[in-house]
Amino acid sequence: MEKDTSFLLTGIKFNKKRFAGDFSRFKKRKQRNDDGPVDDLSYFKREDTEAEKVVVSVNKKRKRKTKAERVEGFSVFKGSDSVPVVTDEGSEQEENNQKELNRQNERDLRLRKKYGIHVSGNNVPSPLQSFAELSTRYGCESYLLHNLVKLGFKEPTPIQRQAIPVLLSGRECFAKAPTGSGKTLAFVYPMLMKLKQPSKDGIRTVILCHTRELAAQTTRECKKMAKGSKFRIKLMTKELLRNTDFTKLPCDILISTPRRLQLCICKKKKKIDLSRVEYLVLDESDKLFERSLLEQTDSVVKACSNPSIIRSLFSATLPGFVEDVARTVMHDAVRVIVGDKNAASESIKQKLIFAGSEEGKLLALHQSFAESLNPPMLIFVQSIERAEELYGELKFDSIRVGVIHSNLSQEQRESVIDDFRAGKTWVLIATDVLGRGMDFKGVKCVINYDFPDCAASYIHRIGMFLNLWIHSYVYM
Ligand SMILES: Nc1ncnc2c1ncn2[C@@H]1O[C@H](COP(=O)(O)OP(=O)(O)OP(=O)(O)O)[C@@H](O)[C@H]1O
């Protein structure tokens, strides 16, 4: 391998001077935990932001103002009216109602506290105690409950406990929960319940995903959840885009990337009509609002022009610009946050390995393979070239390895993912094309061979898995 030309040798260098503060924190931790070159990465967890503190303080003030309040935070969204206050002249019946309401508020607060759920908005519906409440409170059809049992889902996850009632009550929703925490079900189930029956009135629901892989995965999940119904669930593929007369497309739920959907909107003939869409979901909304996708996402949001549309935004991180967008487009929305605002999942063990140099990284990787190769394993790198180069290195060592990045065709990407899911390859090298929203069951270890360029990217890379105690290594 020629050092000068190797992309593996041109990775991010750790600038100790620039990151002196962080570096000293590692040193302190090392003194406490003499564990060789490995260190704990829990510093990625953020403290509450100023905005969060404001929410808390405004909340306290509002609590002093009105006892009848049903909101935990304050309302940040358009169209938020004040909550009703009970008058002194209320009848006995009203007093009893009020007492029951207060008791319910206390139960809600306890449940939210237990599951780390934070809400903002007016009259936020009570969180679910169990999936059974989908039937008792909302008359959920039996096939949907049956599907939950078949999928082996016994308890709702925290985001499902709160986001499902919010969406079922017809409110717009803006939700943040860790990766792998069951957000897909949180938006798909209420949609299926609200749509009730298939209809020939055109497309009624659009789910936007930022990558084709995530769109394909969401379609698979959606079909599993809708099993037993006659809903027509379609993934916007290249073939569909090319060969379909969208004025005649029988479809209740359409799942697409913004780019493909924008192409259908802009078609001259037989173009898609989204004016009847009742539900619009923006999954991984922070990615959809990034500069590279903003224009396409915007044209989809505009094309969904039904005035009574219910929009929801789901993501694992919550940057300020996403909140700003939400504030401008959403009406009387409820904000649901599970856990810390931008923290990694707590069930992941994180380690930092100081390799010193690029050669050291490769050596350390070989060493960890030699000590305990614990597949399936994902390795993230910062560029396509570095992905290919590392692929060449590992392949040379007869490791069952695959590589995925945006230079591969859709078919090639699918086949790489299929091989990894089927256990034909043990190690998958990826650029951030895979870093978001993909769910690989059973992955035991994620290696950040190249340091991610922001905290959000790190959280997405390591948080793709619901398994308990996966390992995440960062090489420096
Ligand atoms: N209530 C539940 N109980 C057990 N498993 C669940 C439950 N809900 C969802 N899951 C499973 O958890 C895994 C992760 O779910 P999902 O992909 O929806 O997470 P996510 O929050 O959307 O993650 P990401 O941010 O990466 O998109 C999936 O395999 C899903 O089938």
Side-chain angles (χ1 to χ4, degrees), residues 115-117 127-134 140 144-145 147-165 167 173-192 207-227 255 257 281-288 312-319 322 336-339 341-348 376 378 380 417 421 430 432-443 446 456-468 470 472:
Y115 292 105
I117 303 167
L128 292 176
Q129 308 230 24
S130 67
F131 277 134
E133 277 187 76
L134 288 177
C140 175
L144 281 170
L145 293 173
N147 288 347
L148 283 178
V149 176
K150 276 212 303 210
L151 288 166
F153 299 168
K154 296 192 176 85
E155 290 287 324
T157 63
I159 187 63
Q160 293 164 1
R161 284 179 195 275
Q162 188 60 73
I164 291 177
L167 291 171
C173 179
F174 177 51
K176 181 256 148 194
T179 42
S181 62
K183 291 190 283 295
T184 316
L185 189 147
F187 58 74
V188 169
Y189 253 73
M191 233 162 52
L192 294 171
I207 302 174
L208 271 194
C209 303
H210 76 292
T211 61
R212 283 170 276 180
E213 286 78 14
L214 183 58
Q217 178 180 296
T218 305
T219 310
R220 276 196 302 275
E221 294 287 311
C222 200
K223 284 184 176 166
K224 277 190 224 159
M225 292 174 202
K227 206 162 181 191
I255 299 141
T257 58
V281 180
L282 306 187
D283 194 12
E284 303 291 358
S285 48
D286 54 344
K287 267 278 166 198
L288 292 172
S312 51
L313 275 62
F314 283 79
S315 189
T317 56
L318 185 52
V322 178
V336 181
I337 292 184
V338 174
K341 213 175 159 209
N342 271 333
S345 170
E346 279 177 13
S347 64
I348 295 172
L378 271 165
F380 283 102
I417 288 181
R421 281 192 205 276
D432 276 322
V433 72
L434 200 79
R436 281 190 173 235
M438 291 300 292
D439 169 40
F440 290 108
K441 288 199 173 66
V443 163
V446 177
S457 163
Y458 177 77
I459 289 162
H460 282 288
R461 284 178 177 187
I462 69 166
M464 300 193 281
F465 319 98
L466 206 63
N467 323 27
L468 283 183
I470 75 154
S472 164

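Note that the structure is a prediction, hence the values are computed from the model and not measured. We're numbering straight along the sequence, starting at 1. Counting starts at 1 for both ligands and their atoms, in listed order.
- With atom 22 (O) of ligand 1 as the reference point, the heavy atom nearest to it among Leu185, Asp283, Thr184 is part of Thr184.
- Side chain of Gln162 to backbone of Val336: no donor-acceptor contact under 3.5 angstrom is found.
- Using a 4.0 angstrom heavy-atom cutoff, Gly180 counts as in contact with ligand 1.
- Minimum interatomic distance between Lys227 and Asn147 (heavy atoms only, all atoms of both residues): O-ND2, 2.8 Å.
- Close N/O approach between Ser181 and ligand 1 is found [any backbone or side-chain N/O within under 3.5 Å].
- Atoms of ligand 1 lying under 4.0 Å from any heavy atom of Glu221, numbered from 1 in the order shown and given with element: 31 (O).
- Between Met225 and Thr184, the closest heavy-atom pair is CE-C, 4.4 Å.
- Taking all heavy atoms of Gln217, Lys154, Lys183, Lys224 into account, the minimum distance to atom 25 (O) of ligand 1 is reached by Lys183.
- Under the 4.5 Å side-chain criterion, counting only non-hydrogen atoms from C-beta, Phe174 is in contact with Val322.
- Under a 4.0 Å criterion applied to the non-hydrogen atoms of Glu284, ligand 1 contributes the atoms 24 (P), 25 (O), 27 (O).
- If you run side chain to side chain contact (heavy atoms under 4.5 Å, CB included) between Leu208 and each of Val281, Ile255, Asp283, Leu282, only Leu282 comes through.
- Residue nearest to atom 19 (O) of ligand 1, selected from Pro156, Gly182, Pro158, Pro178: Gly182 (by heavy-atom distance).
- For Phe131, the closest heavy-atom approach to ligand 1 falls below 4.0 Å.
- Checking Lys176, Glu284, Lys287 one by one against Ser315, the side chain to side chain contact (heavy atoms under 4.5 Å, CB included) holds for a single residue, Glu284.
- Contact annotation: the side chain of Lys224 approaches that of Leu151 to within less than 4.5 Å [non-hydrogen atoms, C-beta and beyond].
- Counting heavy atoms closer than 4.0 Å to ligand 1, residue Phe187 contributes nothing at all.
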